[in-house]
Amino acid sequence: MAAQLSPSPLIFHHEDIILKTQNNSKPKTNANSLIGSLSNCRNVKELEQYHAQLTKTGICKTISVVNKMVVTCAEIATLESLDYARKVFELFAKYREMCDFLFLWNSLIRGYASVGLGDESIFLYLRMMNEGVVPDNFTFPFVLSGCTKILAFREGNQVHGCLMKMGFNEDTFIQNSLIHLYSENGDMEAAKLVFDGMLERNVVSWTSLIRGYVRGDCERKAVDLFFEMVESGIRPSAVTMTCVVSACAKLGDLELGERVCACMRSCGVEENDALVNALVDMYMKCGVIETAKRIFDECTDRNLVLYNTMMSNYVREGLAKEALTVFREMLMAGLRPDYITMLAIVSACAELGNLVYGMECHGYILRNGFNGLDYVINAVIDMYMKCDEPDYACYIFDPMVNKTTVSWNTMVAGFIRNGDIEPASRMFNLMPDKDLVSWNTIIGALVQESLFEEALELFRMMQNKGVKGDKVTMVSVASACGYLGALDLAKWVHYYIENNEITCDMCLSTALVDMYARCGDPQSSMQVFHKMREKDVSAWTASIGAMAMEGSGEKAIILFDEMIKQGVKPDGVAFLGVLTACSHSGLVEEGQRFFRSMKDDYGSPPKVVHYGCMVDLLGRAGMLKEAHKFIQNMPMEPNDVVWGALLAACRIHKNVELATYAAKRVTEFAPDRTGIHILLSNVYASAGKWCDVARVRMQLKEKGWHKPPGSSSIEVNGTINEFTASDESHPQMTHIARMLEEMCCRLKDAGHVPNLSHVLLDVDEHEKEHALNRHSEKLAIAFGLISTDHGDQIRVIKNLRMCADCHTFAKFVSDTYSREIVVRDNNRFHFFRQGLCSCRDFW
DNA sequence: GTAGGGTTAG
């Protein structure tokens, strides 16, 4: 609404007007030029000065002056000037027959629309109709623009109806305004309908439609339309370019952006502030920071928006320090930060964990009244959370009356980041409206905490509430699926993504590659990988990991070399993948080559995890002495993982002495690692040193530790059946036991001899054999044989390493029963086919 | 006359 009219020196008395009109005196030439100068005024103050001069000439109150005053005020279009114009207008309303009154109505409606006071535009339009003033073809674009600005689409529709009745529906300007109206309302069908029905289209018609598609996230369509427009011979304006360039920014498609820019240059479009800003934004969002920076630096008169663009993008890119540098430059240039500046700078502080600077920003926000804007205050909450001050965050959040979903999400995400899952899930349950981000946050957190089944449960709950997942959701879901090794579910996830048109970006594709690999389906994994349009180092690493898990060291190496050939620089994680692959396949020399290449060719010296991997590689291959020496020559302190790798190798190669030493070292670094003691007791047990086994077990018992039970699970018809050793609880246990007995007989006939050395009980042979036959993976395989069809794979997930006997057992089963068996243990897969295993008995 | 730039949480 128009603000209260302030007292003004310009007072018109209607007596004067009547007097002057009656006199009908011709203004003098110099007075005419003064009236003309009125339209050059830039603000109310200048208007008043001219008016003072006009007063001296004695013609200040003629109709032409009044007309000029109102129109100029409307054109200046500030709240102040509009107040002024309105006041003059209302005074004149009583004498409307004496001047071109429609012109004044139009000017005011236009003025209000241009400052965003759309409700005033609509109000004046309605009043004018009410008073019987007939609108013309100028009135409608103005009032429609007013409707669009305040998103008054219902009113806009009514105006559309009215102008149709009055026969204005073939006016290009009016149709342009209608396209804009429908575009802003997201109704592209209606916008397109108007566009298609136009007899004449100008650059604004095209631009409005293009802009609509950009707003509606149909950026490609927008760019296609742009090229179509140029093709049809219409020259783009700076406004058109601003829209198209921002479409390219949203897509992050540099190649397309460059094509658009080339087209812009060949059309000779003159740049303006908004266009330069859009260009800087595009280069930033396409990751070409140098180019953006160059344009920014070359720009001589940078405005606030341009500074904000640079700062926001720097923060988004994780370059908080650079954002602060630009901020200082901006202050030096004498510009006053607005709330968007503060959003960027508060986020920068959050990123840097700079509490002091962050609090200073908070102060500035309070002093300038930006704290009423939920955008800003949410960013402040986020900043306090990221600066590890949850109490400050709560202090703002708790009394907030305008908590939005984003406020809640910020709090939940903050707690999760700080590792406080309990308050996070409490807040999640408390929040009144959960949106996609809320669900993604909590599901992601559960996956991070390895609570995979809980994560999937929440995903189901989310769907039941009618919230559709997006690519972020699916990354978490795929990851959960992979860790659970649930292949049927994994296939469903892939299907869900394709059927719901979820854009499979690099991140999600990589998650799928990893998911299939962990579910023991390397073919599907590689299929997804090969379909990827672009592959970054993470994508390559996932595929290398897939081959490592499959046990195809050679294929992993081929992939690694191919990655380098394609110019993708391997990072520490990629090297870890290829070293693991070498280790799993016993490719000692190749592993050593990669290890050396890290420092020599890529300048990234191996970290302690890589050393651990090398110890594993040497140790598995039976080179225990070399592995030990390798540890002794490490440039950094070996940790529990490194010694643990040696210990594991000692178990495989039954070196009790070195195992004892390694276990001692491990305990020094990680006194709480239960697994190590169990590993050690396994070494003693396999060497028949039962006294030592008992001693270690006793120590564990005294400290209240217990061995995690070995467990195997198998998914049948979407249900996950879990077995632990000697577990009798399964409803079909009698069948399973009978099946196991039959299997043992048939395998014995086929030549299988139970390997009792891995039974860790100091009991007689018969009992040992019974215990051995009740290992969880055997139960799962037996259950798989009776509950799946003959041609089906039997897929078992085990939480620990497979024991040697179960491994041989599975090989025999695959041959005797002609079944493929896939077992995933704690770090790799075994594919059993026709009596052989993919690991070639090396694991 | 009608069209345009920078915006928090996963």
Side-chain angles (χ1 to χ4, degrees), chain A residues 75 106-107 109-110 113-114 136-145 148 171-181 183-184 202-212 214-215 236-247 249 272-282 284-285 303-313 315-316 338-344 346-347 350 373-383 385-386 404-414 416-417 431 435-445 447-448 469-473 475-476:
Chain A
E75 273 172 0
N106 284 349
S107 293
I109 294 174
R110 175 192 175 200
S114 78
D136 65 0
N137 56 332
F138 281 75
T139 315
F140 289 107
F142 299 148
V143 69
L144 285 171
S145 165
T148 311
D171 181 287
T172 306
F173 285 81
I174 295 174
Q175 286 170 314
N176 288 348
S177 303
L178 287 170
I179 293 172
H180 183 52
L181 175 86
S183 290
E184 282 296 294
N202 61 19
V203 63
V204 179
S205 326
W206 289 88
T207 305
S208 300
L209 197 66
I210 289 171
R211 162 79 185 144
V214 180
R215 266 192 67 88
S237 68
V239 181
T240 321
M241 293 320 307
T242 307
C243 295
V244 182
V245 169
S246 83
N272 62 15
D273 282 359
L275 180 49
V276 170
N277 185 66
L279 286 167
V280 169
D281 190 49
M282 181 200 76
M284 275 294 213
K285 297 232 156 80
N303 62 18
L304 185 60
V305 177
L306 189 58
Y307 277 108
N308 285 346
T309 302
M310 278 307 271
M311 290 185 287
S312 306
N313 278 301
V315 175
R316 205 180 38 79
D338 69 353
Y339 77 98
I340 293 177
T341 319
M342 292 327 288
L343 276 175
V346 167
S347 305
L373 302 162
D374 53 282
Y375 263 59
V376 178
I377 213 67
N378 291 338
V380 173
I381 292 174
D382 187 50
M383 182 271 294
M385 275 300 202
K386 284 185 179 151
T404 63
T405 306
V406 177
S407 321
W408 287 92
N409 288 345
T410 307
M411 291 296 286
V412 171
I416 287 168
R417 214 179 299 109
M431 63 189 291
D435 68 358
L436 185 57
V437 174
S438 325
W439 289 99
N440 286 349
T441 308
I442 203 82
I443 291 173
V447 173
Q448 282 301 310
D470 70 349
K471 61 183 180 189
V472 181
T473 327
V475 168
S476 296

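Order of the sequence lines sets the chain letters (A, B, ...), proteins ahead of strands, with each chain counted from 1. All values reported here derive from a predicted model rather than from experimental measurement.
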A:Trp206 CH2 to B:dG4 C1': how many Å, rounded?
18 Å
Identify which nucleotide among B:dT7, B:dA9, B:dG1 has an atom closest to any side-chain atom of A:Ala413, counting heavy atoms from C-beta outward.
B:dA9
A:Ala274, nearest nucleotide to its side chain (from B:dG4, B:dT8, B:dT7)
B:dG4
Using a 4.0 Å heavy-atom cut-off across all strands, classify A:Asn106 as base, sugar-phosphate, or nothing.
nothing
Just checking A:Tyr339: base, sugar-phosphate only, or nothing, at a heavy-atom cut-off of under 4.0 Å?
base
Which of the following nucleotides, B:dA9, B:dG4, B:dT2, is nearest to the side chain of A:Pro141?
B:dT2
Report the nucleotide, chosen from B:dG1, B:dT7, B:dG5, that has the shortest atom-to-atom distance to any side-chain atom of A:Asp273.
B:dG5
Starting at atom CE of A:Met284, determine the distance to atom C1' of B:dT7, rounded to an integer number of angstrom.
16 Å
Taking atom P of B:dT7 as reference, at what distance in whole Å does atom CG of A:Leu373 sit?
15 Å
Check this for me: does the side-chain of A:Asn277 come within 3.5 Å of the base of B:dG4 through a donor and an acceptor?
no
At 4.0 Å (heavy atoms only), tell me whether A:Ser237 reaches a base, stays on the sugar-phosphate, or touches nothing.
base
Here the distance between atom C1' of B:dT8 and atom CG of A:Leu343, to the nearest Å, is 6 Å
Once you round it to whole Å, what is the distance between P of B:dG5 and CG of A:Asp281?
10 Å
Looking for any heavy atom pair under 4.0 Å, which part of the strands does A:Leu436 touch: base, sugar-phosphate only, or nothing?
base
With A:Asn409 as partner, the option from A:Asp435, A:Thr404, A:Thr441, A:Asn378 fulfilling side chain to side chain donor-acceptor pair (under 3.5 Å) is A:Asp435
Sugar-phosphate, base or nothing in reach of A:Arg215, heavy atoms under 4.0 Å
nothing
Would you say the side-chain atoms of A:Ser246 pair up with the backbone N or O of A:Cys243, donor to acceptor, closer than 3.5 Å?
yes
On a heavy-atom basis, which atom in A:Ser438 and which in A:Thr405 lie closest, and how many Å separate them?
OG-CG2, 3.9 Å
Output all residues satisfying salt bridge (charged side-chain N to carboxylate O under 4.0 Å, His left out) with A:Arg316, sequence neighbours left out; order by chain, then residue number.
none
Base, sugar-phosphate, or nothing: which does A:Thr410 touch, judged by heavy atoms less than 4.0 Å apart?
sugar-phosphate
Nearest to side-chain heavy atoms of A:Arg417, which nucleotide of B:dG5, B:dA9, B:dT2
B:dA9
In whole angstrom, give the distance that lies between atom CG of A:Asn313 and atom C1' of B:dT7.
11 Å
Among B:dA3, B:dA9, B:dT8, which nucleotide sits nearest the side chain of A:Ser208?
B:dA3
Just checking A:Ala278: base, sugar-phosphate only, or nothing, at a heavy-atom cut-off of under 4.0 Å?
nothing
For A:Ser145, report the nucleic acid contact type (base, sugar-phosphate, nothing); a contact means any heavy atom under 4.0 Å.
sugar-phosphate
Sequence-distant partners of A:Asp281, salt bridge (charged side-chain N to carboxylate O under 4.0 Å, His left out), two or more places apart:
A:Lys285
At under 4.0 Å between heavy atoms, what does A:Thr441 touch on the DNA or RNA strands: base, sugar-phosphate, or nothing?
sugar-phosphate
Give one of base, sugar-phosphate or nothing for A:Phe138, where a contact means two heavy atoms less than 4.0 Å apart.
base
Which nucleotide in the list B:dA3, B:dT2, B:dG5 gets nearest to the side chain of A:Thr207?
B:dA3
N/O (side chain, A:His180) to phosphate O (OP1/OP2, B:dA3) under 4.0 Å
yes
B:dG4 C1' sits how many Å from A:Leu209 CG, rounded?
15 Å
What is the minimum heavy-atom distance between A:Val346 and A:Ala379, and which atoms define it?
CG1-O, 3.3 Å
Atom CZ of A:Arg316 and atom C1' of B:dT7 are separated, to the nearest Å, by 12 Å
Using side-chain contact (heavy atoms from CB on, under 4.5 Å) as the criterion, point out the one residue from A:Val305, A:Val245, A:Asn272, A:Thr242 that pairs with A:Asn277.
A:Val305
